[in-house]
Every structure is written in C-alpha cells, then in structure tokens.
Amino acid sequence: MSDLPHSPAADRNKQPIFDALTRILGERGTALEIASGTGQHAAWFAAAMPQWTWQPTDADARMIPALASRVAEAALSNLRAPLLLDVMAPQWPSQGAAFAEEEKFDAIYCANMLHIAPWATCAALMQGAARHLLPGGLLITYGPYFEEEVPPAPSNLAFDEELRARNSAWGIRRLEDVAAEARRAGLALRERHVMPANNLLLVFGF
Ligand SMILES: C[S@@+](CC[C@H](N)C(=O)[O-])C[C@H]1O[C@@H](n2cnc3c(N)ncnc32)[C@H](O)[C@@H]1O
C-alpha cells in the first residue's frame, strides 16, 4: 500500500463523481484539474477514462511532490505530470510557461476547493475557465453548496461552522453566488447533480 497522502473522502466520492462525469463528458478530450490535492481523483479518472488526458494541478507547492509520486505510481500515458496552478495567479499555470493560446481544454474539473479557499478564488476560477476552455468545453465543480430554495443539511451547517472557525475566509458557498460569478465570466450554470453526502456537482458552459 502506498504511503502517499490520502483522503478517505476522495476514496468515497470518486466513483459517484466518475459515474456523473461519464454521463456529462464526451468520449474523449483533455481535462485540466484544479486543486488536485492528493491526486486520487486524477489517478482514478485517468485510469477509468483512457480516452481522456488528465492534467492535475494544485496551488500548494508542498503538494506537488506527492502529487507527482501519485502520477508516477499510476503510470498512465494519459495522466500528465502535475503543475503548480493557483487560480488567483494572473496566468495559468502559475509557474513555468503559460498554457499556449492553442492549448485549451475540453473540461476543467475542480472538486472541493471553493469552500476551502477565499471567496475571490471563485471569480478567479470562473475567469480562468472562460480563458482556458474550448468552445463547447465544460467547467465541472464538486462540493457542498448552500442553495436559496433548499434547506441546508445539518452536516453542511456544522461543516461550514468548522471551516469558518479554521479560517474566516473559508466557508460553504451559495450556489446562486457561484452561478453569478460564472455569469460575470461568460459562463452559465447548465446542470446541477445531487451527489451523496449532501454535495452537488455543477456543470458550467458558455
Ligand atoms: C480539500 S482539498 C481538495 C482536493 C481534491 N480536489 C479532493 O476533492 O479530494 C482543497 C485543495 O484546494 C487547493 N487550493 C486552495 N486554494 C487554491 C487556489 N487558490 N488555487 C488552486 N488550488 C487551491 C489546496 O491546495 C487543496 O489541495
């Protein structure tokens, strides 16, 4: 068993997320993953979707070596070496050469970042996605959200409190606010999928 950093939640949610992705994504393409963390999703999705090339990234330079080890361990030709990418950086990736103008992505995937990062990352994610998605490309976000018309799950209320106690800039975001940031960047909320454990998977497109 590998001693790489490991998220039990990522192990639990990777299959339901994969099931949703297979319904949403086309047969082949290139995906940019934002906030890959341990890289468990990247390795799982790249293995399960050999026609998709997967580019993992994270903003935390301390995560990159473990992420690189996860990619090496997976040994998949469609899983690229990780890049340092902070959504707030003026160019993506935030270190090294920027993605070439012609290198746009069919999908951008970001799980569990918006509530564990300052609110400004939402606008940055939306604007970056609008810059780096191909026409017809999709931004897919996953995580807990609050919604105007849906009573909040007690577990999400408790999680939100815990997040805000850890960092006052963190917290579960309102879906309506996230969709408004998307609209400001030229993207529209196209699909909302209810996921296990009171999470949502959201799909945005031009
Ligand atoms: C809870 S982890 C989620 C990891 C993985 N996506 C998952 O669902 O298991 C949150 C991740 O967001 C990353 N992150 C935080 N701020 C970021 C930013 N400004 N740009 C990109 N990633 C960021 C952190 O480094 C961390 O790896």
Side-chain angles (χ1 to χ4, degrees), residues 2 4-21 31-48 54-71 74 79-96 98-99 105 107-133 139-145 155-156 159-160 162-173 178 181 185 193 195-203:
S2 122
L4 293 172
H6 178 263
S7 152
D11 258 354
R12 285 194 299 274
N13 61 31
K14 64 188 183 187
Q15 187 63 46
I17 296 175
F18 170 71
D19 292 343
L21 291 181
L32 172 66
E33 181 177 4
I34 306 292
S36 299
T38 63
Q40 284 161 263
H41 285 169
W44 182 263
F45 300 152
W54 204 266
Q55 173 65 70
T57 72
D58 203 273
D60 187 345
R62 293 164 307 178
M63 295 298 293
I64 299 293
L67 194 44
S69 300
R70 171 89 56 194
V71 167
L79 181 56
R80 293 185 185 165
L83 297 171
L84 191 66
L85 192 160
D86 183 333
V87 291
M88 299 295 288
Q91 70 169 39
W92 288 9
S94 29
Q95 197 178 52
F99 292 127
F105 296 90
I108 296 181
Y109 168 75
C110 178
N112 293 316
M113 183 196 76
L114 291 175
H115 57 284
I116 308 190
W119 170 239
T121 58
C122 183
L125 173 67
M126 296 302 170
Q127 286 158 23
R131 286 195 308 275
H132 293 286
L133 278 175
L139 167 68
I140 296 162
T141 69
Y142 169 90
Y145 298 87
S155 60
N156 277 352
F159 185 38
D160 181 55
E162 185 192 314
L163 288 165
R164 289 176 195 280
R166 276 170 68 193
N167 186 326
S168 59
W170 294 0
I172 294 183
R173 308 304 176 191
V178 174
E181 286 301 348
H193 298 257
M195 303 295 287
N198 303 305
N199 290 291
L200 295 177
L201 186 143
L202 305 177
V203 183

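What you are looking at is a predicted structure, and each value in this text was computed from that prediction instead of being measured. Remember, it's 1-based here, ligands and their atoms both numbered in the order they're listed.
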Review point. Can you tell me if CH2 on W119 sees more than 12 non-hydrogen neighbours from other groups inside 6.0 Å?
Key: yes

- Query: Does atom CD of Q91 have more than 12 heavy-atom neighbours from other groups under 6.0 Å away?
  - Reply: yes

Looking only at the side chains, is there a donor atom on one of H41 and Y142 sitting less than 3.5 Å from an acceptor on the other? no

Which atom pair, heavy atoms only, marks the closest approach of [X] to [Y]?
{"X": "T57", "Y": "L32", "value": "CG2-CD1, 3.7 Å"}
{"X": "R70", "Y": "T38", "value": "NE-O, 3.1 Å"}
{"X": "Y145", "Y": "L202", "value": "CZ-CD1, 3.6 Å"}

Sorted by chain and residue number, the residues having a heavy atom closer than 4.0 Å to an atom of ligand 1 are A10, A35, S36, G37, H41, D58, A59, D60, L85, D86, V87, A111, N112, M113, I116, A117, T121

